Amino acid sequence: MRQLQLAKRTAGMGASAIREILKVVSQPGMISLAGGIPSPESFPLDLIEMLSRRVLDKYGASALQYDPTEGFGPLREALVDHLYAGGMTASSQEILVTSGSQGVLDALGMVLISKGDFVAVESPTYLGALQAFAPYGPRYVSLASDDAGLIPESLEAALHSHPIQFIYIVPTFQNPSGRTLSLARRKAVARLVQKYDVLLVEDDPYSALRYTGTALPAIKTMAPEHVVYVSTLSKVFAPGLRVGFCLAPALLRKWLVIVKQGIDLHTSTYCQALAAEYITGGHLRNHLPRIISLYKPRLAAMLSALERYFPAGFHWSRPEGGMFVWVQGPQGMDMDAAYQRAIEQKVAFVPGRHFFAADSQGLETMRLNFTMIDATDLEHAIKTLGRVMDIN
C-alpha cells in the first residue's frame with residue numbers, strides 16, 4: 001500500500017492539550033484541578049434504571065431505532081418548556097438535537113468557515129471551540145475581556161476592521177474564566193450584532209449551575225435572528241449520553257441538519273428518550289438543587305483557599321456559578337514551568353495559554369476546576385499550588 005496521504009486540513013488539527021494533561025494526571029495520588037468535567041457524584045444514578053424502564057415501556061423498539069436527524073420528537077417538545085423556563089420562546093421544529101454541544105460547533109465550522117475567514121473569539125476562549133473550528137482554516141480575531149467578560153468596545157473595533165464571519169462567546173460562567181457577561185454588556189453585544197448584521201454563536205453549557213446572584217437572559221432573546229444558541233444536558237444530566245441542542249436562524253438550521261446527516265445521521269434515540277423523560281418527569285428540576293449543593297461549597301472552599309495561600313501578585317475570578325476559576329499571575333511568569341513543579345507535588349491544573357487563539361497570550365494564567373474533588377482536598381491542593389507559585 002502506498003504511503004497514506006492525509007488531507008491538508010489536518011495541518012490545523014491537534015490533540016486536545018487538556019486531554020493530554022489528563023493522561024499525565026491519572027497517576028496514583030494526583031489531585032487534579034485540571035479537568036473540565038462534572039463530578040460523578042452529580043449524576044442521577046438512582047433515576048437511570050427507572051428512566052430506562054419508562055423509556056422502553058413508553059416507546060418500545062422505537063427508542064432503539066433510527067430517528068429523524070432533527071431530533072427525537074418527545075425530547076424536542078420537552079426542550080420547548082425547558083427553554084421557556086430560561087426565558088426563550090421556540091417551537092419544537094426550531095430545535096435541533098445534537099451529539100453534545102461539541103457536535104454543533106463542528107457543524108457550524110463546516111457550514112460557515114471557508115479557509116481564511118475571520119472568526120472572532122474571546123481571549124481567553126473555550127479550547128474545544130478552537131479545536132472544532134481550526135480544521136476549516138479560520139483566521140482568529142481575539143476580543144479583549146476583563147473581569148466582567150467580553151469588552152463590547154473590543155467587539156465593535158473588530159467588526160469595524162474585519163469582515164467577521166461569526167463571533168463565538170460563552171457569556172455565562174465562561175470556560176475557562178468563570179466570568180459572566182453583565183446585562184448591560186449583553187445588550188451592547190446584541191446591538192452590535194444587529195448593527196453590523198453578523199452572526200453570534202452563544203454557547204451556554206453552564207448557566208443552570210448558578211450558586212449565587214441572579215440569572216441573566218440569553219443574548220438570543222435580544223437578537224434572535226442574529227444568534228445561534230447552543231446548549232447541552234451534559235452538565236445537568238450525564239455527559240456520556242451526549243445530548244446537546246441548538247436554536248439557529250432557519251436557513252442556517254437547514255444546513256446544520258444537512259451536515260449532521262453526513263456526520264452521524266442522528267443523535268442516539270435511546271439517549272434522547274432518556275433525556276425527554278428526565279425533563280418531562282420533573283427530574284431535572286428536582287435534581288438540579290442537588291448538583292448545586294454539591295458544587296457550591298467546593299467553589300467557596302477554592303476561593304477561600306486562594307485567599308489564604310496564594311502569594312501577592314496573583315488575581316483570580318470570583319464566579320457565581322459554573323465549574324472554573326481563572327487565575328492570573330504576575331506579568332512574565334512561566335506557568336508551564338509552574339505546572340511541571342506542581343505535577344511533582346501531585347497537583348495538576350491547566351496552563352492558561354491553551355485557551356487563547358494567539359500563542360503569545362496567557363503565559364502567566366491558569367485554569368482551576370473545583371467540581372471533581374471535595375473541600376478538604378481542594379484546600380490541600382491550593383495550599384500546595386500556593387507554595388509552588390511562591391517560588392516561581
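Below, each value reflects all heavy atoms present in this structure, side chains not excepted, and no hydrogens, waters or symmetry copies. Since we're looking at a predicted model, the values are computed, not measured.
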| Less than 4.5 Å apart, any side-chain heavy atom of Asp203 and any of Tyr168? | yes
| query | Atom CE in Met323, atom CZ in Phe173: separation rounded to 0.5 Å? | reply | 12.5 Å
| Ser142 side chain to Phe356 backbone, donor-acceptor under 3.5 Å | no
| query | If you measure only the distance, is there a donor-acceptor pair under 3.5 Å linking the side chains of Tyr136 and Asp106? | reply | yes
| Do the charged groups of Glu277 and Arg54 touch, with an N to O distance under 4.0 Å? | yes
| said: Are Leu155 and Ile151 connected into the same hydrophobic cluster when the rule is that any two of I, L, V, M, F, W, Y join if their side-chain heavy atoms are below 4.5 Å apart? | reply: no
| said: Under 4.0 Å between a side-chain nitrogen and a carboxylate oxygen: does that hold for Arg53 and Glu49? | reply: yes
| query | Any salt bridge between Asp117 and Arg139, counting N to O under 4.0 Å? | reply | no
| request: Using the six-membered ring wherever Trp is involved, compare the ring planes of Tyr229 and Phe245 and label them parallel, tilted or perpendicular (cut-offs 30° and 60°). | output: tilted
| said: Within the supplied structure, the quantity of interest is the number of heavy atoms (other residues, nucleotides, ligands) at a distance under 6.0 Å from Asp46 CG; does it exceed 12? | reply: yes
| From CG (Leu181) to OG1 (Thr172), nearest 0.5 Å | 8.0 Å
| query | For the atom pair CG (Leu284) and CZ (Phe237), what is the distance rounded to the nearest 0.5 Å? | reply | 9.0 Å
| query | Taking atom CD of Glu202 and atom OG1 of Thr221, what is their separation to the nearest 0.5 Å? | reply | 7.5 Å
| Is a side-chain donor or acceptor of Glu70 paired with a backbone partner of Val97 at a separation under 3.5 angstrom? | no
| salt bridge (Lys or Arg N to Asp or Glu O under 4.0 Å) between Arg185 and Asp146: does it pass, once the steps are laid out? | CA-CA 12 Å; Arg185 289 192 180 187; Asp146 57 20; 2.9 Å; yes
| Test log, rule side chain to side chain contact (heavy atoms under 4.5 Å, CB included), inputs Tyr59 and Tyr270 | CA-CA 9 Å; Tyr59 303 111; Tyr270 184 70; over 6 Å; no
| field | Ionic contact status for Arg290 with Glu41, cut-off 4.0 Å | value | no
| request: Ignoring hydrogens and angles, tell me if any N or O in the side chain of Glu122 forms a donor-acceptor pair with the backbone of Ala144 under 3.5 Å. | output: no
| said: Check Arg341 with Asp334, please: is the shortest side-chain N to carboxylate O separation under 4.0 Å? | reply: no
| task | Go through the steps for Thr267 and Arg242 under the test side chain to side chain contact (heavy atoms under 4.5 Å, CB included), then give the verdict. | result | CA-CA 8 Å; Thr267 300; Arg242 308 308 300 133; 5.6 Å; no
| query | In Å and rounded to the nearest 0.5 Å, what is the CG to CD1 distance from Leu200 to Ile164? | reply | 12.0 Å
| request: Output yes when a side-chain donor or acceptor of Ser317 lies under 3.5 Å from a complementary backbone atom of Gly178, and no otherwise. | output: no
| task | For the pair Asp264 and Lys260, find out whether any cationic side-chain nitrogen is under 4.0 Å from an anionic carboxylate oxygen. | result | yes
| said: Could you tell me if Gln65 and Ser62 have a donor-acceptor pair between their side chains, going purely by distance under 3.5 Å? | reply: no
| said: According to a hydrophobic-cluster definition based on side-chain heavy atoms being under 4.5 Å apart (Ile, Leu, Val, Met, Phe, Trp, Tyr only), do Ile343 and Ile31 belong together? | reply: yes
| request: Might you confirm whether atom NZ of Lys187 has over 12 heavy atoms from other residues, nucleotides or ligands at distances under 6.0 Å? | output: no
| remark: From the list Met50, His283, His287, side chain to side chain contact (heavy atoms under 4.5 Å, CB included) partner of Pro44 resolves to His287
| task | Test side chain to side chain contact (heavy atoms under 4.5 Å, CB included) on Arg191 and Tyr196 and set out the steps. | result | CA-CA 9 Å; Arg191 286 195 298 270; Tyr196 288 89; over 6 Å; no
| Is Arg298 reaching over with its side chain to a backbone N or O of Thr371, donor-acceptor style, under 3.5 angstrom? | yes
| request: Assess the side chains of Arg308 and Ser304: does a donor N or O sit below 3.5 Å from an acceptor N or O? | output: yes
| task | Could you tell me whether a side-chain N or O of Glu364 sits under 3.5 Å from a main-chain N or O of Gln328, the two making a donor and an acceptor? | result | no
| message | Within the 4.5 Å heavy-atom criterion, are Pro319 and Leu299 side-chain neighbours or not? | response | yes
| query | Do NZ/NE/NH1/NH2 and the carboxylate oxygens of Arg76 and Glu94 come within less than 4.0 Å? | reply | no
| task | Kindly indicate, with the supporting measurements, whether the criterion side chain to side chain contact (heavy atoms under 4.5 Å, CB included) is fulfilled by Ile279 and Leu79. | result | CA-CA 8 Å; Ile279 295 172; Leu79 288 170; 4.0 Å; yes
| query | Roughly how far, to the nearest 0.5 Å, is OG of Ser177 from CG of Asp147? | reply | 9.0 Å
| request: Run through Val201, Val193, Leu199 and flag the one making a side chain to side chain contact (heavy atoms under 4.5 Å, CB included) with Ile167. | output: Val193
